Number of protein chains: 2
Amino acid sequence: MSTQRLTEGAYIVLALLEHVQPATPYDLKLFAERATIDFWTVSHAQTYNECARLAREGLLAEEREQTGRRRRIYTLTELGRSALAEWLQTPVDSLEAVRDLSILKLFFGADPATLAPTQLEMHEERLRRYESHAEARDAARAAGGSVPPGASFALEAGIGHEREYVRLWKKMRDSRAD
Amino acid sequence: MSTQRLTEGAYIVLALLEHVQPATPYDLKLFAERATIDFWTVSHAQTYNECARLAREGLLAEEREQTGRRRRIYTLTELGRSALAEWLQTPVDSLEAVRDLSILKLFFGADPATLAPTQLEMHEERLRRYESHAEARDAARAAGGSVPPGASFALEAGIGHEREYVRLWKKMRDSRAD
DNA sequence: GGGTACATGTAATCAGTTACATGATTTA
DNA sequence: TAAATCATGTAACTGATTACATGTACCC
């Protein structure tokens, strides 16, 4: 029964946990922060809450340290694993709205030249970060390590989009009024 | 004083209203839906609430029909206009997270081939829609009409990104496991 | 004039964030 | 051992969505 719809945040916690379990909510947060891409954000508080909730619903097993910080340490249960697997193999049949504040302002008449410098700088920085991740990945692969293809694809996607942003904002920066 | 921070939703309402005022919340919703790009979503309920709130704070003037539906009809006040102008000319100094559910799943190990068909189809459709908007715009321009450059830029951005998505998902679709 | 689609609004809910509070560990 | 940082949690708030409720206009 318990396969009531989970929120996206919940699935992200499940997915993160699969990669690093057993782990505390704090571990998840760290892993997410370092995990290359900015495809989502999960706040610290949400991570703790979501773990507790998922445990209550039987998707996570919670173990508690008996000493010191008495941290809660989580692992996926069978139920959690299958919920995650099901989610992962379900095609996404909707498109997210783009949600780029700068483009939105542009649309509403903001001056491109005003927005461009800041945006360009930030997208360039993000692009550089992604590219250095890609290099690290390639190096690892060359050294015989195995790299999960999904992460690799996602990284390509990120790079592609950031390049597009950079191209675009450069154009804006250089554009004089029509 | 009243320049307390407004939410993004509030600014969007202000910006929409500038384009179509005087207007009812319903008019805004319609305009937003037809306005080319999917850079944000504003739900029906939010539109009504936000208009009421902005009016309470003096950024909108509310007039009420005396007959029939007794609709509330809004226009920007001077205060509203200047809040909007200020927002539009403030550079955005942060990057939104990308929030693409499919890429996220990919990152977590979903099978590209499973996700690709649906995503490809949807991005292609969106791309087509944007491109036809662009054509309409070019036609209008050729006919001597004036087209606000901001909307045009935003459209270019949308097209660029959708092309990138299409390229990407085609690649995924055709990729066999590493 | 009865039904359907359009339009307008409110209420309840919720996911997610910010702010607060505290405890444990490390370091100077 | 004091200060700083790391870590863990909770509470309050809020932007936004979903669901509900109703009214008006149009169409057959």
Side-chain angles (χ1 to χ4, degrees), chain A residues 4-14 16-17 20 22-34 38-57 59-60 62-74 87 94 96-99 101 104, chain B residues 4-14 16-17 20 22-34 38-57 59-60 62-74 87 94 96-99 101 104:
Chain A
Q4 56 187 303
R5 201 121 228 77
L6 297 175
T7 68
E8 276 150 11
Y11 284 114
I12 291 171
V13 165
L14 290 177
L16 288 170
L17 196 55
V20 295
T24 66
Y26 191 77
D27 295 332
L28 293 186
K29 202 200 68 174
L30 286 186
F31 179 77
E33 275 165 12
R34 276 145 213 195
D38 307 289
F39 287 112
W40 222 269
T41 55
V42 205
S43 81
H44 139 81
Q46 201 193 346
T47 309
Y48 281 90
N49 288 336
E50 204 60 66
C51 283
R53 204 170 69 79
L54 288 171
R56 233 180 295 125
E57 293 182 14
L59 303 181
L60 304 185
E62 178 183 313
E63 204 175 324
R64 190 106 196 229
E65 283 184 344
Q66 287 309 324
T67 70
R69 292 196 177 170
R70 300 185 39 73
R71 296 180 270 217
R72 300 163 203 271
I73 296 164
Y74 295 98
W87 181 69
S94 65
E96 222 74 36
V98 178
R99 289 216 147 226
L101 205 42
L104 186 69
Chain B
Q4 54 186 304
R5 202 122 225 78
L6 297 176
T7 68
E8 276 150 11
Y11 283 115
I12 291 171
V13 165
L14 290 177
L16 288 170
L17 195 55
V20 295
T24 67
Y26 191 78
D27 295 331
L28 293 186
K29 203 200 69 176
L30 286 186
F31 180 75
E33 274 165 12
R34 276 146 214 196
D38 307 290
F39 287 113
W40 223 270
T41 54
V42 206
S43 80
H44 139 81
Q46 201 194 344
T47 308
Y48 281 90
N49 288 336
E50 203 59 66
C51 282
R53 205 170 69 77
L54 288 171
R56 232 181 296 123
E57 292 181 15
L59 302 181
L60 303 186
E62 179 183 314
E63 203 174 325
R64 193 109 195 227
E65 282 183 344
Q66 286 310 323
T67 70
R69 293 195 175 166
R70 298 185 40 73
R71 296 180 271 216
R72 300 162 203 271
I73 296 164
Y74 295 97
W87 181 69
S94 65
E96 222 74 35
V98 178
R99 289 214 150 229
L101 205 43
L104 187 70

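By convention in this document, chain letters (A, B, ...) are assigned in the order of the sequence lines, proteins followed by strands, and residues within each chain are numbered from 1. Computation of the quantities below employed the complete heavy-atom set of this structure, encompassing side-chain atoms and omitting hydrogens, waters and symmetry-equivalent molecules. Just so it is clear, the model here is predicted, and its values are computed rather than measured.
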Chemist: Can you check whether Glu8(A) reaches Leu104(B) side chain to side chain, under 4.5 Å on heavy atoms?
Modeler: no

Chemist: Below the 4.0 Å mark, does dT8(D) have OP1 or OP2 next to a side-chain nitrogen or oxygen of Arg72(A)?
Modeler: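 False: Arg72(A) side-chain N/O out of range (4.0 Å or more) of dT8(D) OP1/OP2.
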
Chemist: Any ion pair linking Glu96(A) and Arg99(B) (charged N to carboxylate O, less than 4.0 Å)?
Modeler: no

Chemist: dG23(C) P sits how many Å from Tyr48(A) OH, rounded?
Modeler: 15 Å

Chemist: In whole angstrom, give the distance that lies between atom CZ of Arg53(B) and atom P of dA16(D).
Modeler: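 For the pair Arg53(B) CZ and dA16(D) P, the rounded distance is 9 Å.
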
Chemist: Looking at Arg71(A), I'd like to know whether one of its side-chain N or O atoms comes within less than 4.0 Å of OP1 or OP2 on dG9(D).
Modeler: no

Chemist: Please list all pairs meeting salt bridge (Lys or Arg N to Asp or Glu O under 4.0 Å) that have one or both residues in residues 39-51 of chain A, counting only residues at least two apart or in different chains.
Modeler: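 Only Glu50(A)-Arg53(A) qualify under salt bridge (Lys or Arg N to Asp or Glu O under 4.0 Å).
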
Chemist: Minimum heavy-atom separation for Pro25(B) and Thr47(B), please, with both atom names.
Modeler: O-CG2, 3.4 Å

Chemist: Where is the tightest heavy-atom contact between Thr41(A) and Ala97(B), given as atom of each residue plus distance?
Modeler: CG2-CB, 4.0 Å

Chemist: Give, ordered by number, those residues of residues 27-34 of chain B having at least one heavy-atom distance below 4.0 Å to an atom of DNA chain D; if nothing qualifies, reply none.
Modeler: none

Chemist: So does Tyr26(A) get a side-chain nitrogen or oxygen closer than 4.0 Å to the phosphate oxygens (OP1/OP2) of dT8(D)?
Modeler: no

Chemist: May I have the distance from Arg64(A) (atom CZ) to dT8(D) (atom P), rounded to whole angstrom?
Modeler: 11 Å

Chemist: Going 5' to 3' along nucleotides 16-22 of chain C, which nucleotides have protein heavy atoms under 4.0 Å from the base (write B), which only from the sugar-phosphate (write S), and which from neither (write -)?
Modeler: SBB----

Chemist: I'd like to check Leu30(A) versus Glu33(A) (side-chain heavy atoms, cut-off strictly below 4.5 Å). Are they in contact?
Modeler: yes

Chemist: Got a donor-acceptor contact below 3.5 angstrom from the Arg64(A) side chain to the Arg70(A) backbone?
Modeler: yes

Chemist: Going by salt bridge (charged side-chain N to carboxylate O under 4.0 Å, His left out), Arg71(B) matches just one of Glu65(B), Glu62(B), Glu63(B). Which one?
Modeler: Glu65(B)

